[in-house]
Participant: 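Attaching a single structure in structure tokens format; questions to follow.
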Amino acid sequence: MFANKPVPLLSFTTKASYSQFSTAIFHPFFSSLRANPSLFQTKQAHAHIIISGLAGNASLMGHLLTILALSPSTPFDYSQSIYQTITNPNVFASNNMIRCFAKSESPLKSVLFYSSMLRNCVRPNNYSFTFLLQACGKGIGFNEGVQLHGHVVKLGFGEDVYVRNALIHLYSSCCKVESSKKVFDESPHNRDVITWNAMLAGFARDGRVDVVESMFDEMPERDVISWNTMIMAYVHNGKLEEGLECFRRMRGIGLIPNEATLVTVLSASAQLGLIEHGRLVQSIIDSLNIPLTVTLGTALLDMYAKCGCIEQSRLLFDKMPQRDISTWNVMICGMASHGRGKEAIALFERFLNEGIRPVNVTFIGVLNACSRAGLVKEGKRYFKLMTDNYGIEPEMEHYGCMVDLLGRAGLVSEAIEMIENKVVSPNPVLWATLLCACRIHGLIELGENIGNKLIELDPSYDGHYVQLANIYAKSRKWDEVIRVRRLMAERNTNKIAGWSLIETQGRVHQFVAGDRKHERSLEIHKMLEVIETRVAEAGYVPNLSSVLHDIGEEEKENAIRVHSERLAIAFGFLVIGAGDCIRIVKNLRVCTDCHEVSKIISRVFEREIIVRDGSRFHHFKEGKCSCLDYW
DNA sequence: CTAGGGTTAG
């Protein structure tokens, strides 16, 4: 009866008269369909019910609606048509109709349905409210939810733990975590692990990590989801190391992580650029035999790309049995961030050929790729494709890519036009992007204009001063360089402390400029001297323009010498096996001088160095960088 | 006869 091919109904009907069957014979089919919903088989069951003259039966139709509510993609009209055949709807059938509404595009319609249910004198029960409150949470129906909360209390379901949990979940979905907390506090004896988890998730969404932490410690019992929620609270609120530490503790007590755990932990590893940790997660996935779903595969793909292993990323991409739009986006953006513009574009073309509809993020990757590969014509064409063919409204990021693309190609007036004509409110970020182009192309006058304008707009941000000074330095206007540096010092701008990190044997070593705190500091500085000697022999002359302070020449050289990136490289030579590449993650942009030195190091030591800075990768190899000296 | 909490991309 439930094979994948249509069943010859006639042969079935000739065997017996349906009136002989009780409704009970359908129940085995319902339970198998609940476990494994299939629209086709549900329709078959429906057909049999109709033939047997039971289409008006509330219980049978209620079961069909349950299955439809559980199915991944349900034609909503179908659920409604089923409900309409019921001669005398009971609360069971109505509850499952609410569930179908909750899953639909407009979940709040379930509330309208609820009032019609009341008019028809169908009395709601505790199930009704869990489904209704769920629907309100999905549709962000705060007002509807509050009214339903009133009904819950009035009708006496206020102590049902399912209903209470649904209320907590509803309020936190509507960003009213204080209301969630009220419900939570009202009934201390009426809590289970789900109550606590819902409450944790509410505070996590609200960014109150400290509260999540203390509640987590207070919980009488914790399951995998409690741990996942705790880890997510850290990771989604920028406390990446804490997230990883929590994951370590979770494994320490012998709890088996599941897919959600691993996806979150991979995201933290990716953001931190910790390839060793990422590989550890991969080995956990392998040893637990966790199936590589699209979500998990995409998270892995992203981790490899963000940790500098774009080849690994690509191998995994080619092996994945299933991909969705995010998978493609991650792969395209990853390629672009590694400066492999042509490959990113080839992927995008393949993606279009497979008939997938690109979204805004896809185009950020594609436009970035064009910019990195210097493909001006293509970039313009894709920008037009995005707006004209796919109706995607360009966001600031898209304009940013275009300004970068045009500026890099030296088409400065077109870039200015783009900024001035297309954006409703001109954004400083776009001008800063163009300022970068001025530095590369040595456009002093324009750079001066833009730089001064930006400094005026935000005198406390040091990045604009640095760029302007770099522009002056490029044309050897040292007086101006000194003037800008002084201005910056006088105004005491907010300097973001730069750091570089390197990972080895599961440990993370983070350096700041001039760092002498590392346990192997002496060796590191000795290694630095060796590097310097070899680099100087290769003809390197320090470029003083990158030094931030207005100090004597000799000291300037010292200041460059101990940039965090160089300390990390020197340490890398000490701990990374010969032949293996040195991977470094930085928070800020690579300075001109460090970039130059890194190139030379890669040549004279025959060592590949991969540096991830704030927005892209630099692969230093054989004296060249993958960014082609434009960043 | 039906129920609840956690997951990726710029």
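The sequence lines fix the lettering, A, B, ..., with proteins before strands; numbering per chain opens at 1. Note that this is a predicted model, so its numbers are computed, not measured. Below, each value reflects all heavy atoms present in this structure, side chains not excepted, and no hydrogens, waters or symmetry copies.
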Participant: Does the side chain of A/R99 get closer than 4.0 angstrom to OP1 or OP2 of B/dA3 through an N or O atom?
Facilitator: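 Affirmative; the distance criterion is met.
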Participant: Which whole-number value in Å describes the distance from A/N90 CG to B/dT2 C1'?
Facilitator: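 Checked: the CG to C1' distance equals 11 Å.
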Participant: One thing to verify: whether A/E178 and A/K181 come together as a salt bridge, which I'm taking to mean a side-chain N less than 4.0 angstrom from a carboxylate O.
Facilitator: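 Salt bridge flag = no for A/E178 with A/K181.
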Participant: Does A/D302 reach a base, just sugar-phosphate, or nothing at all? Heavy atoms under 4.0 Å.
Facilitator: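 Sugar-phosphate contact only - A/D302 comes under 4.0 Å of backbone atoms but never of a base.
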Participant: Give the rounded distance in Å between these two atoms: CZ of A/R323 and P of B/dA9.
Facilitator: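 Nearest whole value for this atom pair: 19 Å.
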Participant: Regarding B/dG10, can its base be found pairing with the side chain of A/E395 as donor and acceptor, where the two atoms are less than 3.5 Å apart?
Facilitator: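 Checked by distance alone, the answer is yes.
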Participant: Identify the two heavy atoms, one from A/P107 and one from A/A102, that lie closest to each other, and give their separation to 0.1 Å.
Facilitator: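 The answer is CB-O, 3.6 Å.
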Participant: With respect to the side chain of A/N165, which nucleotide from B/dT7, B/dG4, B/dG6 is positioned closest?
Facilitator: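 So the nucleotide nearest the side chain must be B/dG4.
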Participant: May I have the distance from A/Y171 (atom OH) to B/dG4 (atom P), rounded to whole angstrom?
Facilitator: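 About 19 Å, once rounded to whole Å.
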Participant: Using a cut-off of less than 4.0 Å, is there contact between a side-chain N or O of A/Q134 and OP1 or OP2 of B/dG4?
Facilitator: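 For A/Q134, the contact criterion (side-chain N or O under 4.0 Å from OP1 or OP2 of B/dG4) is met.
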Participant: Expressed in angstrom and rounded to an integer, what is the separation of A/Y83 atom OH from B/dT2 atom P?
Facilitator: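 The answer, rounded to whole Å, is 18 Å.
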Participant: Consider the side chain of A/N96, meaning its heavy atoms from C-beta on, and name the nucleotide among B/dA9, B/dA3, B/dT2 that approaches it most closely.
Facilitator: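 Closest nucleotide among those given: B/dT2.
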Participant: Tell me the interatomic distance from A/L292, atom CG, to B/dT8, atom C1', rounded to whole angstroms.
Facilitator: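 Taking atom C1' of B/dT8 as the reference, CG of A/L292 is at 12 Å.
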Participant: Hey, does A/H63 reach any base, or is it just sugar-phosphate, or nothing, if we go heavy atoms under 4.0 Å?
Facilitator: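 Base: the residue A/H63, judged by heavy atoms under 4.0 Å, touches a nucleobase.
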Participant: At 4.0 Å (heavy atoms only), tell me whether A/D223 reaches a base, stays on the sugar-phosphate, or touches nothing.
Facilitator: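 The answer is base, as A/D223 lies within the cut-off (heavy atoms under 4.0 Å) of a base atom.
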Participant: Hey, does the side chain of A/K306 come within less than 4.0 Å of B/dG10's phosphate (OP1/OP2), counting only N and O?
Facilitator: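 It does, given that an N or O in the side chain of A/K306 lies less than 4.0 Å from OP1 or OP2 of B/dG10.
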Participant: Just call it for A/D160: base, sugar-phosphate, or nothing, with non-hydrogen atoms closer than 4.0 Å on any strand.
Facilitator: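 Base, at least one base heavy atom under 4.0 Å.
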Participant: Confirm from the modelled atom types if A/N329 and B/dG10 form a donor-acceptor pair under 3.5 Å, side chain to base only.
Facilitator: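 Such a pair does not exist between side chain and base.
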Participant: In a check of side-chain contact (heavy atoms from CB on, under 4.5 Å) between A/I231 and each of A/H236, A/M250, A/R249, which one passes?
Facilitator: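 Between A/I231 and the candidates, side-chain contact (heavy atoms from CB on, under 4.5 Å) is satisfied uniquely by A/M250.
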Participant: Could you tell me if the ring centre of A/W196 sits under 6.0 Å from that of A/F184?
Facilitator: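 Ring centroids of A/W196 and A/F184 are less than 6.0 Å from each other.
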Participant: Do the side chains of A/K239 and A/E213 get close enough for a salt bridge, i.e. N-O under 4.0 angstrom?
Facilitator: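 No, A/K239 and A/E213 are not salt-bridged.
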Participant: Establish whether the base of B/dT2 is bridged to the side chain of A/N125 by a donor-acceptor pair shorter than 3.5 Å.
Facilitator: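 Per atom types, the contact qualifies.
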Participant: Taking the minimum atom-to-atom distance to the side chain of A/Y162, which one of B/dA3, B/dG10, B/dT7 wins?
Facilitator: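 Shortest atom-to-atom distance from the side chain points to B/dA3.
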Participant: Distance criterion of 3.5 Å, no angle test: do you see the side chain of A/N258 paired donor-to-acceptor with the base of B/dG6?
Facilitator: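 Yes, a donor-acceptor pair under 3.5 Å.
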Participant: Let me know the distance between CG of A/L170 and C1' of B/dA3, rounded to the nearest Å.
Facilitator: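 To the nearest whole Å, that distance equals 15 Å.
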Participant: Measure from the side-chain heavy atoms of A/T298 and tell me the nearest of B/dG4, B/dT8, B/dG10.
Facilitator: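 For A/T298, the side-chain atoms sit closest to B/dT8.
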Participant: Does A/H169 put a side-chain nitrogen or oxygen below 4.0 Å from OP1 or OP2 of B/dA3?
Facilitator: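 Answer is no, no contact under 4.0 Å.
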Participant: Mind telling me whether A/H149 and A/Y171 have parallel, tilted or perpendicular rings, with 30° and 60° as the class edges?
Facilitator: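 Tilted: the ring planes of A/Y171 and A/H149 meet at 30° to 60°.
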Participant: Quiz question: by atom type and distance under 3.5 Å, do the side chains of A/D223 and A/S226 form a donor-acceptor pair?
Facilitator: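 Present: a donor and an acceptor within the cut-off.
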Participant: Could you check how far NE2 of A/H398 sits from C1' of B/dG10, rounded to whole Å?
Facilitator: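 Atom NE2 in A/H398 sits about 8 Å away from atom C1' in B/dG10.
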Participant: I'd like to know whether A/S104 forms a side-chain contact (heavy atoms from CB on, under 4.5 Å) with A/K109, so could you lay out the CA-CA distance, the side-chain angles of the two residues, the decisive distance to 0.1 Å, and finally the verdict.
Facilitator: CA-CA 9 Å; A/S104 74; A/K109 283 191 183 150; 5.7 Å; no
Participant: Give the residues of residues 209-216 of chain A touching DNA chain B, defined as any heavy atom closer than 4.0 Å, sorted by residue number.
Facilitator: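 Per residue number, the list is empty: none.
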Participant: Under 4.0 Å, heavy atoms only, any strand: does A/F131 hit a base, just the sugar-phosphate, or nothing?
Facilitator: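 Result for A/F131 = base.
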Participant: From the options B/dG6, B/dG4, B/dA9, select the nucleotide whose nearest atom is closest to the side chain of A/T229.
Facilitator: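 The closest nucleotide is B/dG6.
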Participant: Within the structure shown, what part of the strands sits under 4.0 Å from A/S59 by heavy-atom distance: base, sugar-phosphate, or nothing?
Facilitator: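 Answer is base: heavy atoms of A/S59 come under 4.0 Å of a base.
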Participant: Find the distance A/M331:CE to B/dA9:P and express it as a whole number of Å.
Facilitator: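 In whole Å, B/dA9 P lies 15 Å from A/M331 CE.
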Participant: When the ring centroid of A/Y114 is compared with that of A/F101, is the distance short of 6.0 Å?
Facilitator: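 Between A/Y114 and A/F101, the centre distance exceeds or equals 6.0 Å.
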